[in-house]
Amino acid sequence: MADILKETPLKAVQVEALVVMKLIKHSSQAFPTTATGSLVGMDVNGTLQITNSFPFPTVDVPATDGHQQDTASNLAAAAPRAKANVAYQNEMIKFLREVNVDANNVGWYMSTSMGNFINANTIENQFFYQKEPNERTIALVHDVGRSSQGSLSLRAFRLSPAFMIAYKEAKFTTENLQKSGLRYQDILVELPLTIHNSHLLTSLLHQLPSDAPREELDFPPNLSALQQDPNTPQPPLFPNFDSLDLSIDPFLEKTCDLLLESIENHHTELNNHQYYQRSLGREQAKITAWQQKRKAENAARAAAKQPLLPEDEWQRLFKLPQEPSRLEILLNSRQVEQYARQVDGFTATASAKMFAVKSNLLPGE
Amino acid sequence: MSQKDSFLHLARPLGPAPVGAQPSTAPLSVVIQPPAIFSILDHSLRRPSDQDRVIGTLLGVRSEDGTEVEIRNCYAVPHTETAEQVEVDMDYQKQMLALHLRANPREVLVGWYATSNELNTFSALIQNFYGQQGDGTWPYPAVHLTVSTVPGQEIEARTYISAPIGVTAERAADSCLFIPVPYELKYGEAERSGLELISSAKDREDRSQGIITDLESLERAIVQVLDMLERVSSYVNNVLDEEATPSSALGQFLLNALSLAPKVEAADIERDFNAHIQDVLVVSYLANTIRTQIDLSNRLATAALTMGTGDPLTSEGGDTTNTRGGDNNRGGDNRRGGRGGRGGRGRRDGPSDQ
């Protein structure tokens with residue numbers, strides 16, 4: 001059975017509406033701390049159906065100042081691979097099985113803000129999941145920040161097989177990267193995601209009043225009657241008129257800040273590498289000098305008919321510096337790419353709205 | 001599902017109950033959040049085929065005086081029901097509650113739900129179990145939520161609290177008086193975007209919907225607004241043509257709405273618009289340049305070595321090591337150049353997005 005399953009790679013992710021709501025609830029309650037939890041569901045012919053979820057236990061950290069909040073966030077971010085939580089997850093799944101929930105762990109979820117989630121923690125969690133319990137697991141990422149300014153941002157990710165191999169060996173040297181041809185774009189594979197409603201839910205949604213009535217209504221006698229009319233329809237859930245909000249600049253600004261931060265990180269990492277290369281060059285120069293000296297010495301000894309000294313002693317005498325891991329650079333590059341695309345998205349909507357406002361305020365131009 | 005029921009609560013003589021174990025029967029108002037309802041519906045779909053209804057525990061928060069209950073979460077509890085007896089897995093209920101409390105310490109037990117509108121003797125039994133002292137909700141009343149899930153009929157939810165009833169203590173243990181209480185379905189600001197996506201799938205045959213991008217959702221919203229504006233303006237035109245009945249209230253309302261448009265000088269708009277659009281476009285341009293630079297930097301970092309002849313790492317000797325060092329330095333130079341450019345751009349980035 002496992003063999004048959006392995007043959008069809010995961011192609012898509014289908015998320016039940018229930019999971020979406022649970023995820024949003026958990027993420028928004030935990031905000032700005034990261035929220036993490038477990039997903040259960042089923043794998044049907046390469047489509048991963050996520051049918052339920054539950055949050056991981058919170059760790060009690062008195063969140064009074066910013067520093068402690070950071071620790072809480074870090075603990076929550078590391079939760080999916082903590083030992084205690086694996087036990088919690090197994091117990092929960094055992095109980096869920098009794099009430100006919102699809103009792104297979106299919107991954108984990110986390111909340112983030114403004115796409116700031118590509119870091120060592122995420123990678124390590126997903127590696128932990130993809131490596132051990134079940135290879136066919138995903139990470140669902142819910143972006144609280146982006147969802148609050150418009151449409152829902154929910155994405156499904158997996159680590160690529162190439163990256164899995166590289167991460168297992170934990171060697172991210174230039175040499176290895178050249179051999180495997182791994183690029184930062186290849187770290188995470190995003191899977192297409194759809195939302196699915198059950199029949200009952202569809203019928204519930206149809207019951208909720210949404211649209212303005214189409215038939216003719218009686219005229220209100222005066223203005224206050226109109227404003228207090230109980231039959232005034234609520235703004236419909238779909239389409240969401242919140243996305244017409246004009247204040248998009250804060251989000252753009254925040255993304256730019258994050259982008260700059262990533263560039264700073266990139267800069268630091270590059271400095272590390274340059275330092276490594278300088279010291280490598282220095283060591284190599286020393287080795288070459290030593291080798292030449294030894295050669296000259298040997299030539300002199302050969303002329304004097306003396307036994308030759310070994311020429312490979314430099315390997316013991318000199319120690320080449322260790323190349324720093326390029327993993328951080330890779331992740332950072334991926335993060336920068338993400339921010340850049342996000343900025344693209346924001347500017348697209350921002351400029352569309354601006355043109356709309358302009359032509360509205362300057363009619364006839 | 002918005003129900004317009006109204007309730008009148010009357011004080012009444014209470015049935016026999018142990019002294020001091022009298023739960024409050026004061027009316028309360030209930031707020032239900034969408035995740036709870038969704039979860040109940042999901043559970044109803046997953047019920048065993050031979051069971052008409054399934055039950056579960058409601059979790060939520062209670063206001064300090066206990067008059068307001070917000071149902072935030074729930075979980076299923078296995079139970080079996082026959083004509084003669086009912087069995088609820090109390091052990092399961094207890095352990096599951098403990099698990100939920102670990103993840104969400106603020107959500108406490110507030111009551112239970114059933115997926116059928118029927119209230120019977122067993123409902124009373126279970127209700128008394130949830131409202132009891134110790135493990136139950138005592139001294140607050142347990143809330144009972146029924147959600148009817150009969151196919152082909154409207155989904156109807158009702159909320160109740162209970163009062164003890166019965167002539168003797170034994171009778172009181174397995175009976176109670178269900179008192180309907182009003183409830184509201186409420187969703188938070190954060191849930192809005194999720195509900196939008198979920199409800200956008202309601203008219204689709206396959207009941208599923210992909211993630212919509214910001215731009216798409218903006219487009220849909222604009223189309224909808226244009227549609228509504230069209231409707232209003234056609235009405236106004238009809239009134240002007242004396243084809244529709246005028247209404248002074250509507251006229252006033254429209255006038256009020258129109259007067260909200262700010263009066264700004266055309267030149268000012270032009271200037272602000274140009275300044276802003278330039279900022280936005282510059283930010284976008286820079287972000288893309290940065291992306292390209294990063295890509296370039298990564299490629300250079302890993303490509304510099306292969307530009308030499310063969311793989312220098314496998315061979316040894318002074319000459320090759322030298323060229324290798326040279327190559328590496330070249331790579332370093334390239335990257336340094338790239339970074340310098342980026343740094344400068346980064347600094348210019350700051351003011352442009354204000």
Side-chain angles (χ1 to χ4, degrees), chain A residues 17-18 20-22 24-25 28 55 57 92 95 98-100 147 150-152 177-178 193-198 200-202 204-205 207 219-220 222-223 226 237-241 243-244 253 256 260 263 270 274 277 281 284 288 291 333 336-337 340 343 345 347-351 358 361-362, chain B residues 1 34-35 38-39 41-42 45-46 76 78 96 99 102-103 149 154-155 190-191 193-202 207-212 214-215 217-218 220-221 224 247 249 252-253 266 269 273 277 280 284 287-288 291 294 298 302 318 321 325 328 332 335 339 342 346 349 353:
Chain A
L18 167 68
V20 178
M21 291 318 289
K22 279 193 165 186
I24 294 175
K25 168 179 169 270
S28 52
M92 193 64 141
F95 280 118
E98 282 189 47
V99 285
N100 301 333
S147 299
S151 60
L152 179 75
L177 288 182
Q178 272 165 11
L193 188 144
T194 49
I195 305 266
H196 184 259
N197 295 348
S198 67
L200 275 178
L201 190 58
T202 313
L204 174 71
L205 289 172
Q207 265 173 252
F219 286 112
N222 53 39
L223 189 59
L226 178 67
L237 291 170
F238 168 80
N240 187 353
F241 292 136
S243 57
L244 293 175
E253 239 174 87
C256 287
L260 288 181
I263 294 167
L270 282 185
Q274 269 167 19
Q277 259 149 15
Q284 273 164 346
T288 324
Q291 277 174 330
S333 309
V336 168
E337 194 199 359
V343 167
T347 46
T349 42
S351 45
K358 186 198 171 198
L361 289 179
L362 296 173
Chain B
M1 210 159 63
F38 282 26
S39 192
L41 293 181
D42 182 71
L45 284 175
R46 289 170 189 282
M96 200 64 172
L99 283 180
R102 271 173 68 191
T149 52
E154 295 219 327
I155 293 171
E191 280 153 351
S193 57
L195 283 171
E196 177 199 5
L197 198 61
I198 290 165
S199 59
S200 72
K202 74 175 179 185
R207 311 193 307 283
S208 55
Q209 169 75 49
I211 292 286
I212 323 173
D214 288 352
L215 212 54
S217 83
L218 180 67
R220 288 183 203 201
Q224 181 86 5
S247 155
Q252 257 180 328
F253 184 79
I269 297 172
F273 173 80
I277 198 87
V280 169
S284 161
N288 278 305
R291 200 178 70 204
I294 292 275
N298 270 285
T302 49
T321 352
N328 267 337
R335 264 178 284 147
R339 185 200 12 91
R342 257 193 313 287
D349 227 350
D353 60 16

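Everything numeric here is computed off the predicted structure, so don't read it as measured data.
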**Request:** With a 4.5 Å cut-off on heavy-atom pairs, point out which of A:Leu200, A:Thr194, A:Val20 contacts chain B the most.
**Result:**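 Among the listed options, the one with the most contacts to chain B is A:Leu200.
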
**Request:** Look at A:Ile24, A:Leu193, A:Val99 and state which one has the largest set of heavy-atom pairs under 4.5 Å with chain B.
**Result:** A:Val99

**Message:** Assess the residue pair B:Met96 and A:Met92 against the criterion (side chain to side chain contact (heavy atoms under 4.5 Å, CB included)); give the C-alpha distance rounded to whole Å, side-chain angles, the decisive distance to 0.1 Å, and a yes or no.
**Reply:** CA-CA 8 Å; B:Met96 200 64 172; A:Met92 193 64 141; 3.8 Å; yes

**Asked** Are any of the side-chain heavy atoms of B:Gln209 and B:Leu197 separated by less than 4.5 Å?
**Response**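 They are in contact (side-chain heavy atoms under 4.5 Å apart), so the answer is yes.
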
**Item:** Which atoms of A:Val343 approach chain B - backbone, side chain, both or neither, heavy atom under 4.5 Å
**Value:**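 For A:Val343, the side chain is the part near chain B, not the backbone.
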
**Request:** Could you list the residues that satisfy side chain to side chain donor-acceptor pair (under 3.5 Å) with B:Ser208, not counting sequence neighbours?
**Result:**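 Scan of B:Ser208 (side chain to side chain donor-acceptor pair (under 3.5 Å), adjacent residues dropped) gives B:Asp206.
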
**Prompt:** Listed by chain and number, what are the side chain to side chain donor-acceptor pair (under 3.5 Å) partners of B:Glu191, not counting sequence neighbours?
**Reply:** none

**Asked** Among B:Asp42, B:Asn288, B:Ile198, which has the most heavy-atom pairs under 4.5 Å with chain A?
**Response**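 The option with the most such pairs is B:Ile198.
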
**Message:** Minimum heavy-atom separation for A:Ala17 and A:Asn197, please, with both atom names.
**Reply:**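 Smallest heavy-atom distance, with atoms named: CB-OD1, 3.4 Å.
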
**Message:** Please classify the contact between B:Leu218 and chain A as side chain, backbone, both or neither, with a heavy-atom cut-off of under 4.5 Å.
**Reply:** both

